[in-house]
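Here's the structure we're looking at; comments come further down.
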Number of protein chains: 2
Amino acid sequence: MPCHDSPDLKKLDLITVLRALADPVRLDIVQRLYVLGEANCAALIGARPKSSMSHHFQVLRESGVLHTRIEGVQHHNSLRLQELEERFPGLMQSILGGADATQLRRQTSS
Amino acid sequence: MPCHDSPDLKKLDLITVLRALADPVRLDIVQRLYVLGEANCAALIGARPKSSMSHHFQVLRESGVLHTRIEGVQHHNSLRLQELEERFPGLMQSILGGADATQLRRQTSS
DNA sequence: TCTATAGTTCGGTCGTTATCGAACTATAGA
DNA sequence: TCTATAGTTCGATAACGACCGAACTATAGA
């Protein structure tokens, strides 16, 4: 199963993860992804240009926040919740705690 | 008791807090402060120039991460752990979880 | 083979922020 | 009143990062 390389669990750096999350666009992606489970890039980026999209996904991937599984022409993204939980216990829960799933689903489907 | 203004609990913004924490110097300050409880600026900044120090404390204060109590010529800083816990449950714990108090104390006293 | 689709890479611009010296403010103590 | 101390403010510079158009790559499907 082809995929983008994801950094090793031990190499995940707190500063890098925080920087990745400390951006409105990327935090939005992460929160939507939490609700959706898995989604391709187009479903997560809204109306932004593809190059911006690609940039943000690269940051999230390289920081270790998400994993990208490539299937044909589509890139399926998902949060690396389990690994993040091992490395930084409670972090993602606290970030995602504010994300009301119902509200997010409403935003996503509109 | 004079002090710097700290933003209201409700105005604390996750992005702003994450950005404040996503800096090596500031994260170091926060982790030391967690161990020390309260400390003045000089004790937290190491060998950096005073203007840099002042900048980082301003960012941390304005984001709501810490509170500064002024006593004479000294500024006593402390984390706003309780308010942060109310607003973003689990966040600071996860950030500080990696901070081994013993290790930090050793660094601080060396 | 041709075309559409999904995403990447490249190059440039622009805004933000970290850094730091220098001047400044305010308090404590001699 | 004079001086030392603690921290702020100002102004400049430099680096980083977000943004975006354009060209490119790779796969699926007609």
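Here is how names work: the chains are called A, B, and so on, in the same order as the sequence lines, proteins then strands, and each is numbered from 1.
Between B:Asn77 atom CG and D:dA6 atom P there is a gap of 14 Å when expressed in whole angstrom units. Rounding to whole angstrom units, CD of residue B:Gln74 and C1' of D:dT8 are separated by 15 Å. With rounding to whole Å, A:Leu60 atom CG is found 14 Å from C:dG7 atom P. As a whole-Å value, the separation of A:Phe57 CZ from D:dC20 C1' is 17 Å. Spacing between atom CG of A:Leu44 and atom C1' of C:dG7 amounts to 13 Å, rounded to whole angstrom units. Nucleotide C:dT5 holds its C1' atom 15 Å from the CD atom of A:Glu71, rounded to whole Å. B:Leu21 places its CG atom 15 Å from the P atom of C:dT17, with the value rounded to the nearest Å. The separation between A:Asn40 atom CG and C:dA6 atom C1' is 8 Å, rounded to whole Å.
C:dA18 is paired with D:dT13 under the Watson-Crick or G-U wobble criterion, all donor-acceptor distances under 3.5 Å. D:dG21 is paired with C:dC10 under the criterion used here, namely a Watson-Crick or G-U wobble arrangement in which both key atom distances are under 3.5 Å. Within the shown strands, C:dT3 is the pairing partner of D:dA28 under the Watson-Crick or G-U definition, both distances less than 3.5 Å.
Going from atom CG of A:Leu60 over to atom CG of A:Leu66 covers 4.5 Å, rounded to the nearest 0.5 Å. Here CG of A:Asn40 is found 11.0 Å from OG1 of A:Thr68. Values are rounded to the nearest 0.5 Å.
Closest to the side chain of B:Met53, from the set C:dA18, D:dC20, D:dG7, is D:dG7. Taking only side-chain atoms of B:His56, from C-beta outward, the nucleotide of C:dG7, C:dA18, D:dG7 with the closest atom is C:dA18. Of all nucleotides listed (C:dG21, C:dT19, C:dG7), C:dG21 comes nearest to the side chain of B:Ser51. If you check D:dT8, D:dA18, D:dC20 against the side chain of B:His75, the one that comes closest is D:dT8. If you check C:dG7, C:dC20, D:dA18 against the side chain of B:Pro49, the one that comes closest is C:dC20.
Of the possible donor and acceptor atoms, none in the side chain of B:Ser54 sits under 3.5 Å from a partner among the backbone N and O of B:Lys50.
Checked by distance alone, A:Ser54 brings no side-chain donor or acceptor within 3.5 Å of a matching partner on the base of C:dG7.
Side-chain N/O atoms of B:Ser52 include one lying less than 4.0 angstrom from OP1 or OP2 on C:dC20. At D:dA18, none of the side-chain N or O atoms of A:Arg19 fall inside 4.0 Å of OP1 or OP2 (strictly under the cut-off). B:Arg26 has a side-chain polar atom (N or O) that falls below the 4.0 Å cut-off from OP1 or OP2 of C:dA18.
Each of A:Val59 and A:Val73 has a nearest nucleotide on DNA chain D; the 5'-most of these lies closest to A:Val59. Between B:Lys50 and B:His55, the one whose closest nucleotide on DNA chain C sits nearer the 5' end is B:His55.
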Q.
Between B:Leu91 and B:Leu14, is the side chain to side chain contact (heavy atoms under 4.5 Å, CB included) condition met? List the steps.
A. CA-CA 10 Å; B:Leu91 178 59; B:Leu14 181 55; 4.2 Å; yes

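Between the side chains of A:His67 and A:Arg80, no donor-acceptor pair of N or O atoms lies under 3.5 Å. Side-chain N/O atoms of B:Gln58 and B:Glu62 include a donor and acceptor closer than 3.5 Å.
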